[in-house]
Amino acid sequence: MGTASGAGRAGRYVRQLSGYRAFVPAPLPPQPAVRLEGELAVALSEADRALGRLAGAVQTIPDPDLFVMMYVRREAVLSSQIEGTQSSLHDLLAAEAALYDDTTPRDVAEVINYVAALRLGLQRLAELPVSVRLMREIHARLLEGVRGSRLTPGELRRSQNWIGPAGCTLATATFVPPTWEEVPVALGQLEQFLHHERALPLLVRIGLAHAQFETIHPFLDGNGRLGRLLITFLLCEQGALSHPVLYLSHYLKGHRAAYYEHLHAVREHGDWEGWLTFFLSGVAAVSAEAAATAGRILALCEAQRNAVNDHLGRAAANGHRILAALYRRPLTTVSNLAALLGCSFQTANTLARRLVEADVISETTGYARHRRYRNHHYIGLFTDDPPAHPAP
């Protein structure tokens, strides 16, 4: 979807003394103005409706924070995988429960940092708007003590970076962001846009801001992860969602080639409409998926409560306490359960065995000792192939 103005609408390439060309983005909003018509208008309408349905669906869950916690974890895994990590949702849950073994990927610390950075950002929004200051704080937490920590966490870059396949140089890069001297100006203009632009619909503003941030690429590492976090922060700051349950990493990972192609078309041809149509289609798809998951959580909670009541008899109260704990931290051990209930190891072991027999939880190791248990039905709702609910 081209534009009348074409190249130059999103910015321009400036040749540097050493020969390479760096892209200097034009301030937002685009000029000529975004045309909210045709496919883009349809995509915006569908995204708005889907986001509204998601906001309503989350309110039906007895404890929305349970939903939020697992979605945050899932987003952390997927967003980090886009940047090359190998850790899975199971690896993250095991690390949170301090259940490490020889198979634990070393990069799980990056995923843990992502969770911490997201939570920090949401906390800071209570007193600080989405701004350059917030970006720097979140970036510092994102890279704390992990790969990239030597690349000045929390500090805007003071050297040239570039984007392209492994081994490429400035001369052969797919894209070269603005020089480091241009970064503070470009970020300041983006912050002004976020604070003062109100003529455009919220989702359009967020889509523009995400693409602009990725074009500026203000840090030496972590720009992709931080750019995706900003989408969620802006939705929450502007009141579009009461809980942070919309994350685009799943969509962007599945449409990675199209994602980069649309960003490229913005820079080369000023095709903001094409990018926004893609972005809003992702918002609609992910919102619908999350709303459906909220419904499945509601059904699962009821089915598991019934299963505990039907199979544990007088021990049902402790069964419900275990189940509640496994919604907050879905992977555990018998020792953890004994500490939770204030009972003996043998009593906790018996309860865990009965919950397995009731198909409420599952044992993951197959060991006679040092067994691990998980709420597999709940975890399954946040994977690509959810298992069936337990029988009532």
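Everything numeric here is computed off the predicted structure, so don't read it as measured data.
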Electrostatic pair Glu214-Arg267, nearest N-O below 4.0 angstrom: no

Tyr247 and Tyr71 aromatic ring geometry - parallel, tilted or perpendicular at 30°/60° bounds: parallel

Polar side chain donor-acceptor pair, Ser344 to Gln346, under 3.5 angstrom: no

Between Ser242 and Gln59, a side-chain donor and acceptor under 3.5 Å: yes

Donor on one side chain, acceptor on other, Arg49 and Ser45, under 3.5 Å: yes

Carboxylate-amine/guanidinium contact Glu289 Arg74, below 4.0 Å: yes

Modelled atom types, side-chain donor and acceptor of Tyr20 and Gln160, under 3.5 Å: yes

Pair Glu75, Ser249: side-chain N/O donor-acceptor within cut-off below 3.5 Å: yes

Side-chain donor-acceptor pair present, Ser79, Arg228, cut-off under 3.5 Å: yes

Pair Arg124 + Glu137, salt bridge at N-O below 4.0 Å: yes

Any Asn113 side-chain heavy atom under 4.5 Å of Leu143 side chain: no

Mutual orientation of the aromatic rings belonging to Phe278 and Tyr251 [parallel < 30°, tilted 30-60°, perpendicular > 60°]: tilted

Parallel, tilted or perpendicular, as decided by the 30° and 60° cut-offs, for the rings of Phe175 and Phe23: tilted

